[in-house]
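Right, one structure below, let's go through it.
Reminder, nothing fancy here: chain letters follow the sequence lines and each chain counts from 1.
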Number of protein chains: 2
Amino acid sequence: MATSTVENYLKHMLLLSEGGEELVSMGALAEALAVVPGTVTTMVKALADSGHVEHRPRQGVRLTAEGRRVALNVLRKHRLVECFLVNVLKMDWAAVDTEAEQLEHAISDEVLDRLDALLGHPATDPHGDPIPSRQGKLDSQVYATLATCVVEKPLRIVRITDQSAEFLQFVEQNRLLPGESVRVTERNLASGLVTAKKTAGRPLALSLAAAGKILVQPTR
Amino acid sequence: MATSTVENYLKHMLLLSEGGEELVSMGALAEALAVVPGTVTTMVKALADSGHVEHRPRQGVRLTAEGRRVALNVLRKHRLVECFLVNVLKMDWAAVDTEAEQLEHAISDEVLDRLDALLGHPATDPHGDPIPSRQGKLDSQVYATLATCVVEKPLRIVRITDQSAEFLQFVEQNRLLPGESVRVTERNLASGLVTAKKTAGRPLALSLAAAGKILVQPTR
DNA sequence: TTAGTTATTTTGATGAGTCAAAATAAATGT
DNA sequence: ACATTTATTTTGACTCATCAAAATAACTAA
């Protein structure tokens, strides 16, 4: 398993090479990681030995496919943890990055998956940064949920993010299936209740947790 | 800040001296930490220098007040994280200890507090191990909540564990104050709803999160 | 007591990650 | 083209946490 130091090196290489294929300089990496350049050179050579990066001496460094895979997984953990800290624990938008810096190295892939499901597979973190998919892709499309959408606005359900039979049965019985139209008439944080209403039908009470599993988009 | 190695040494010393004041042997500590005895001797001397423990050469080691404070804080993190993993993420009862082993060193005191509030200030972790209080006390009394109690059983509310004005107003308006009698008539995991009923009154819907903040005990 | 067993401490070495500072290579300006 | 600036690499040293194995202290049974 990669140490958290290794994970940080790889993550920052990914961030510094945003999109493109360019080489990342030792200096930029040293700056980002808050270490001296000589340390980066040493570590990068070790990372090249372990197959995570390709090192072009005196030019720069680039992630290999394997290095990129690890980096995306760390970034995914980081951003999903941020979602959790803001959406569930109601922490300060500006403070969560530091927290996530620690947690990204401590959570297992198992916890990562469950966190992802709990949060309704968010496409971006609270800052709007895209969250890498489980498969390492970055989807740009973003959806709201019944727990986060604007009250009274007409919506279309696009996705159910809890695959448990229990929850899916509940969804089916209440006609909250993908494609259906719906709107949220009330949301009470104290009691944790969301009231949703279908075009023709009685109001339905859901917990915030349940509502967060139902993804929507504004009706065209 | 204590490294996670230091936190582990202190935590295991606390666990090994369960309750009593006895000295912990180097051998027992080495066993618990899965390191050789010589390593423990070295670390314990360093911990004595930093004021976390008192070392009696060839006899054993004991936590100082400061060492105990740190150890209790780590243990609190460990057990609250276990609660979170089981109660919120629905993880396997048996698997969470390993996860918590990592997370206990990664979460800040801020996250710890919010997790504690989210979970309704549980007195024990999913295994029944008592959770040290914020102040470092181990209360032996354990209560159920409206989210965990037996359905239909007559209960008395003993504690409200969310101090926010918003939630307390909600509690007051619905007469869910400490001392009141109540019973849970229904609990639906899929929708996340708990239905509570006072002796004289209409049924009241609460989210599981809200219900978890209301502690109860069986009526005598 | 005295020999033998067991726990603890000491000693020397290792790997990971780091820094300071010297050496080297590459880029730049005139 | 040559001297200067800038980035990178190398070298030697340090800290933290660890192990293996030798040395030492303490306990135990005759």
Side-chain angles (χ1 to χ4, degrees), chain A residues 1-17 20 22-63 66-67 70-71 74 101-102 104-106, chain B residues 1-17 20 22-63 66-67 70-71 74 101-102 104-106:
Chain A
M1 260 294 257
T3 65
S4 54
T5 303
V6 166
E7 289 186 343
N8 271 330
Y9 273 82
L10 298 176
K11 182 186 71 172
H12 279 108
M13 279 181 218
L14 179 66
L15 292 172
L16 288 171
S17 65
E22 327 85 31
L23 292 170
V24 174
S25 75
M26 299 294 116
L29 216 35
E31 164 81 22
L33 291 159
V35 296
V36 301
T39 301
V40 173
T41 300
T42 308
M43 272 298 301
V44 160
K45 288 205 289 188
L47 290 173
D49 286 349
S50 62
H52 289 100
V53 307
E54 180 194 344
H55 183 204
R56 298 279 184 76
R58 295 219 121 92
Q59 295 184 219
V61 65
R62 160 190 308 161
L63 292 169
E66 172 59 9
V70 174
V74 175
E101 213 67 45
Q102 302 305 311
E104 68 189 4
H105 310 298
Chain B
M1 261 293 258
T3 65
S4 54
T5 303
V6 166
E7 289 186 343
N8 271 331
Y9 273 80
L10 298 177
K11 181 187 73 171
H12 279 107
M13 279 182 219
L14 179 66
L15 291 172
L16 289 170
S17 65
E22 327 82 35
L23 291 171
V24 175
S25 75
M26 300 293 116
L29 216 35
E31 165 81 21
L33 291 159
V35 296
V36 301
T39 301
V40 173
T41 300
T42 307
M43 272 298 301
V44 160
K45 289 205 287 186
L47 291 173
D49 285 350
S50 62
H52 289 100
V53 307
E54 180 193 345
H55 183 204
R56 298 277 185 79
R58 294 220 125 89
Q59 295 184 222
V61 65
R62 160 189 306 163
L63 292 170
E66 172 60 9
V70 175
V74 175
E101 213 67 45
Q102 302 305 312
E104 68 189 5
H105 309 297

Starting from [atom2] on [N], measure out to [atom1] on [X] and report it in whole angstrom.
X     : N      : atom1 : atom2 : value
A:M26 : C:dC19 : CE    : P     : 15 Å
B:H12 : D:dA17 : NE2   : P     : 16 Å
B:R56 : C:dA7  : CZ    : C1'   : 18 Å
A:E31 : C:dC19 : CD    : C1'   : 17 Å
B:Q59 : C:dT8  : CD    : P     : 11 Å
A:L23 : D:dA7  : CG    : C1'   : 14 Å
A:H52 : C:dA16 : NE2   : C1'   : 16 Å

Side chains of A:N8 and A:H105: closer than 4.5 Å at any heavy-atom pair? yes
How about B:V53 and B:L10: do any of their side-chain heavy atoms sit closer than 4.5 Å? yes
Do the side-chain N or O atoms of A:H55 get closer than 4.0 angstrom to the phosphate oxygens (OP1, OP2) of D:dT8? no
Strand-adjacent residues in residues 35-47 of chain A, judged by heavy atoms under 4.0 Å from DNA chain D: A:P37, A:G38, A:T41, A:K45
Only one of B:V36, B:T42, B:V44 clears side-chain contact (heavy atoms from CB on, under 4.5 Å) with B:V40; which? B:V44
Neighbours of DNA chain C within residues 2-9 of chain B, by heavy-atom distance under 4.0 Å: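 Within residues 2-9 of chain B, no residue comes under 4.0 Å of DNA chain C.
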Does B:E66 have more than 12 heavy atoms from other residues, nucleotides or ligands lying within 6.0 Å of its CD? yes
side-chain contact (heavy atoms from CB on, under 4.5 Å) between B:V70 and B:K11, intermediate numbers included: CA-CA 8 Å; B:V70 175; B:K11 181 187 73 171; over 6 Å; no
To the nearest 0.5 Å, how far apart are [atom1] in [X] and [atom2] in [Y]?
X     : Y     : atom1 : atom2 : answer
A:L47 : A:H55 : CG    : NE2   : 10.5 Å
B:E54 : B:Q59 : CD    : CD    : 10.0 Å
A:R58 : A:M26 : CZ    : CE    : 11.0 Å
B:L29 : B:E31 : CG    : CD    : 10.5 Å

Below 3.5 Å, does any donor atom in the side chain of A:R58 face an acceptor in the base of C:dT24, or the other way round?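 Checked by distance alone, the answer is yes.
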